[in-house]
Every structure is written in C-alpha cells, then in structure tokens.
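Read the structure below first, then the notes.
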Amino acid sequence: MKTKRLVLLGVLAACTMVLSYLETLLPPIFQAVPGIKIGLPNVIIVFILYRFSLKDACAISLIKVLSAGILFGNAMTLLYSFSGAVLSLAVMFILKKTEQFSLVGVSIAGGVSHNLGQIIAAIFLLQSAQIGYYMIVLAISGVISGTIIGLLGAGLLKSTEKIKLFNQIN
Amino acid sequence: MKNKIKNDLILVGVILLLSVLSFGIFKALLRPGNSVVVLVNGEEKHRFSINEDLEEFIVTDGENSNTIVIKDSEVWVVHASCPDKICASHAPIKNEGEAIVCLPNKVVITVTK
Ligand SMILES: [Zn+2]
C-alpha cells in the first residue's frame, strides 16, 4: 500500500503544478499586492488533508510552493506562498479537528488565512504595516476563493469515494 | 451536516465582521498627512511636503524607476518601470498611513504626519 500511496501523492503533486500554472494565466485577484493568488492548487491540498493526512498535505504543499516558486515565480512570490500555505494548513487542520465545520467552511477559513499569511509576509518584506489596510479586500477574496475551492474539493472527495485505489491508501 | 453549514455561515460572518472592523479602525485613524515618504528596499530615500506641488520626481535605485507627482496635497505614481504597473494605476493618496506599493521595485510611497 505504501507504493500506491506514494504514486498517488506524486500524481497529486503534479496536479498542483498544473493548477499553479493555470493560475498564472488568470488576472490578479487583488490589484494592490500582486503575487497574491486564489490558490487553485489548494483544491488538491484540501483533498489530501481529508483523504490522506496532515503530514501528506504538508509535504505536497511544500513541494508545490517550492516548485511553483521556482518555475513560475520569484523569491518574493515564493515567500508569500510559503507563509500563506503554512498559515492556511494550520488553520484548516485545527478547524477540521473540531468537527464543527463542513469542508467548505474549513476551506473558507483556509482561503482567508492563506491571504492573511501572504499579507503578513508582505508587511515584513516591505517593512510597512500600511498594507494591513487591505484586510477587507483580502477577507472577501479569501471567502470567495475558499468557497470555490471547498466546493471543488468536496466534489473531488465525493467523486473519488468509489475509486478502489483511493480507498486502499489508509 | 445542517449544523455544520450553520457554523460555516457563522464563520463567514465573523471573518467579514472582523475585516470590516479592522477596515473601520484604519479608516477612523485617517487624517490628511503632511509628508510623503518614499521607501526603497524598506529604507527611507526621500521625504517631501505633501502641500508643495512636485512635478514628475523619479525614484530610482539605478535600475528600476517610479515617477511620482504631488499636486493639491495628493501623491500618485505616473510612470513605473515595473512589469505589472499596479503602482501607476493606484488612486492618489493623501491621508496619514496610506501607501502606494510597488512590489517588483520594492518601493513604498507613504503619507505620514
Ligand atoms: Zn509598480
């Protein structure tokens, strides 16, 4: 089962790369601070968090941040996505643990904290707290992207429910 | 499940409330500023009075450039060498604490008291 699990995670890691690339083709959601994205690859991260484990989600998230940063970004966008990924994974894990929220709710909190993590990185990077002023835009865009990602993630979980391969991993 | 959706909605409400609150706090603290400070790489490079008009001043580190204008106690970016031009499309700023950020060029233009 270990090999199957590794192969599946490898394929999922590749999927995050494709989604990262697709995302570079979309217009920026937030004009004031470029480099901040919807986080389409997070669909896969949410899926892994639910279907696999936190450990796997962290590993794939790290691979995604590093490879997307090297391929499609620069040192700065790498720092943003890293800080966004860490905060959103932590928040999603905690909310999932409480069992009080649906996948969409968990994903919304993930989307908002993803943006929050990026803005915190920008505040440090630019040595300017003024960016905090944009929190409202970030919260709204985080709720919207989190909802989209949550719905897609829930769909993905449901559609893979009957696939044997995915049921043998745990 | 129904309960979870209710909790989701409460969560969204709390998030939006907090962001509106933080926006409101920032807004309430807004007062027209007196100086325009230009930071390059986080370091103060230029300081102007916002009440004295300034025609096309070029902020540059030798490689990248952002051209700023101060008029009628407002400051904005007219041209920039950055690829995204987001700074150049930002609305003029005039209040204490407001900022125009050019991430690619690592330039921050802020208004202070
Ligand atoms: Zn710019």
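Being a predicted model, the structure only gives us computed values, none of them experimental. Residue numbers begin at 1 in each chain, while the letters A, B, ... track the order of the sequences.
- The number of heavy-atom neighbours closer than 6.0 Å to NZ of B:Lys45, taken from other residues, nucleotides and ligands shown, is above 12.
- Placement of A:Val7 and A:Ile44 in two distinct hydrophobic clusters is found when ILVMFWY residues are connected by side-chain heavy-atom separations under 4.5 Å, directly or transitively.
- Residues A:Leu49 and A:Ile148 share a single hydrophobic cluster, defined by chaining ILVMFWY side chains whose heavy atoms lie under 4.5 Å apart.
- Along residues 50-61 of chain B, no residue comes nearer than 4.5 angstrom to chain A, judged on non-hydrogen atoms.
- Cluster annotation: A:Val112 and A:Leu151 are assigned to the same hydrophobic cluster (Ile/Leu/Val/Met/Phe/Trp/Tyr, side-chain heavy-atom contacts under 4.5 Å, transitive).
- Counting heavy-atom neighbours within 6.0 Å of B:Phe48 CZ, excluding the residue itself, gives a total above 12.
- The hydrophobic cluster containing A:Ile60 does not contain A:Val65, counting ILVMFWY residues as joined when their side-chain heavy atoms lie under 4.5 angstrom apart, directly or transitively.
- Here the CD-CG distance, from A:Gln100 to B:Asp8, works out to 10.5 Å after rounding to the nearest 0.5 Å.
- By the rule that hydrophobic residues join a cluster once side-chain heavy atoms approach within less than 4.5 Å of another member, A:Val86 and A:Leu79 end up as members of separate clusters.
- Interface residues of residues 10-19 of chain B toward chain A, defined by a heavy-atom distance below 4.5 Å and sorted by number: B:Leu11, B:Val12, B:Ile15, B:Leu16, B:Ser19.
- Heavy-atom contacts from other residues, nucleotides or ligands closer than 6.0 Å to NZ of B:Lys94 number 12 or fewer.
- Contact detail for B:Lys4 and A:Glu99: the closest heavy-atom pair is CE-O, 3.3 Å.
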